[in-house]
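Data block below; observations after.
We name chains A, B, ... by the order of the sequence lines, and we start the count at 1 in each one.
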Number of protein chains: 2
Amino acid sequence: MKLIDILDATPFPIGYRIAFLTNFWREPILRQMEKDFGIIRPELTVLICLSFRDNLNARDICEITEQPSNTVSRGVASLERKGLLTRTRDAVDTRKQILNITADGQKVHDEIMERFKSAEARMLSSLTPIETGRLHAILDKIARDVANWKD
Amino acid sequence: MKLIDILDATPFPIGYRIAFLTNFWREPILRQMEKDFGIIRPELTVLICLSFRDNLNARDICEITEQPSNTVSRGVASLERKGLLTRTRDAVDTRKQILNITADGQKVHDEIMERFKSAEARMLSSLTPIETGRLHAILDKIARDVANWKD
DNA sequence: AATATATAGTTCCATATGGAGCAAAGTTGG
DNA sequence: CCAACTTTGCTCCATATGGAACTATATATT
């Protein structure tokens, strides 16, 4: 038996395929990233946020990513130890720490993003350009609807 | 800032959306499943395999799911303790234990599958039938190509 | 101003998970 | 038949993760 047989039998064929592809597309890169860069998942999440926007604090990152605050806290602390981001006390609200990615952090971020990009290209290599365009449009429509899922 | 902004900036728009949807579609159900049924992820994996096919052993499940043997071993042991599967020594090869799902196990499995099914319906509720059909076809094409990804 | 409440970030703790290595059983090659 | 190797499933250990509680600071209420 192969996984592909279960693919045919599932009562949620699209959800199953989406989760299935995440497993085989994203997870190997995350594991390799740990080995090669010593960066773990919550650290990458923080790097991505800070690469996109300056001067966030940990709470912002919690809200953006819907991750628990202790996970973000650890990610921020370890990234600082590695010199991949800086922490500065907010002068107005001294509880807050303003976070910024460093040049090293940006470099690591970019290299990891490059791996995801290559993996995506491989994942889509069996599709025609029209199929790729349609897939993008449909996934985008669903993703933008996620905010409405709140039960 | 919202997650949706990062959605627009990523260099791997389709892979990002697939992973994003997995996070928001599958993960909440898995967490709720833990609370409501006391079933954790590797246990569900085993249940799904055994629901689909009888008389598998732990090694089969490792190969089907590409999970490490200790994870499967733990899943099998705890499911047996809960009465959701049975273990029988293989008379020919006494190292092997032949696994079968029980009626209780099938019931739990079916209830969990029902939740995934509902969540899928909600996830796809913003699509037209044509879009849903196209999405299914394209994801299926990619998923069946996964076997060729071996680097 | 004093007290109650809310928020930012951390630590503590319990648990999930994977890698490595193990014992027991089976297989292969002489 | 016996030694070397393979396979099955397990335990040990290190680490990732999330919930809850905690500290320090800020804000609201009286």
Are OP1 or OP2 of [N] and a side-chain N or O of [X] less than 4.0 angstrom apart?
X: A/Ser73; N: C/dG9; result: no
X: B/Thr71; N: C/dG18; result: yes
X: B/Asn57; N: D/dT8; result: no

- Test: B/Arg53 and B/Asp60 ion pair at under 4.0 Å: no
- Task: List the steps and the verdict of salt bridge (Lys or Arg N to Asp or Glu O under 4.0 Å) for A/Arg144 and B/Asp8.
- Result: CA-CA 11 Å; A/Arg144 286 175 200 283; B/Asp8 285 322; 2.5 Å; yes
- hbond_proxy A/Asn70 side chain to C/dG9 base (donor-acceptor, 3.5 Å cutoff): no
- Message: Mind checking if A/Gln67 touches a base, just sugar-phosphate, or nothing, with heavy atoms under 4.0 Å?
- Response: nothing
- Query: Which part of the nucleic acid, if any, lies within contact of B/Arg74, taking any heavy atom under 4.0 Å across all strands shown: a base, the sugar-phosphate backbone alone, or nothing?
  - Reply: base
- Quick one: list whatever passes ring-ring contact (aromatic ring centres under 6.0 Å, His included) with A/Phe12, sequence neighbours left out. B/Trp25, B/Phe116
- For DNA chain D, whose closest nucleotide is more 5', that of A/Arg41 or that of A/Ser69? A/Arg41
Length of the [atom1]-[atom2] vector between [X] and [N], whole Å:
X: A/Gln97; N: C/dT7; atom1: CD; atom2: P; value: 19 Å
X: A/Leu99; N: C/dA8; atom1: CG; atom2: P; value: 13 Å
X: B/Arg59; N: D/dC10; atom1: CZ; atom2: C1'; value: 11 Å
X: A/Ile40; N: D/dG18; atom1: CD1; atom2: C1'; value: 13 Å

- Item | Close approaches to DNA chain D from residues 84-96 of chain A, in residue order (heavy atom, under 4.0 Å) | A/Val92, A/Asp93, A/Thr94, A/Arg95
- What residues 25-38 of chain A contributes to the DNA chain D interface at heavy-atom separation below 4.0 Å is none
- Query: Using the ring of each side chain (for Trp, its six-membered ring), is B/Tyr16 parallel, tilted or perpendicular to B/Phe20, with breaks at 30° and 60°?
  - Reply: parallel
- What are the two closest non-hydrogen atoms of B/Asn57 and B/Arg59, and how far apart are they? OD1-N, 3.0 Å
- Go through B/Asp145 and B/Lys141 one step at a time and tell me if the salt bridge (Lys or Arg N to Asp or Glu O under 4.0 Å) criterion holds. CA-CA 6 Å; B/Asp145 189 52; B/Lys141 192 171 176 185; over 6 Å; no
- Task: Would you sort out whether B/Asp36 and B/Gln32 count as a side chain to side chain donor-acceptor pair (under 3.5 Å), showing the intermediate values?
- Result: CA-CA 6 Å; B/Asp36 295 347; B/Gln32 199 57 42; 3.1 Å; yes
- Task: Enter the distance from B/Glu111:CD to B/Gln106:CD here, rounded to the nearest 0.5 Å.
- Result: 11.0 Å
- Message: Please check this pair: side chain of B/Ser51 against backbone of B/Ile48, looking for a donor-acceptor N/O pair closer than 3.5 Å.
- Response: no
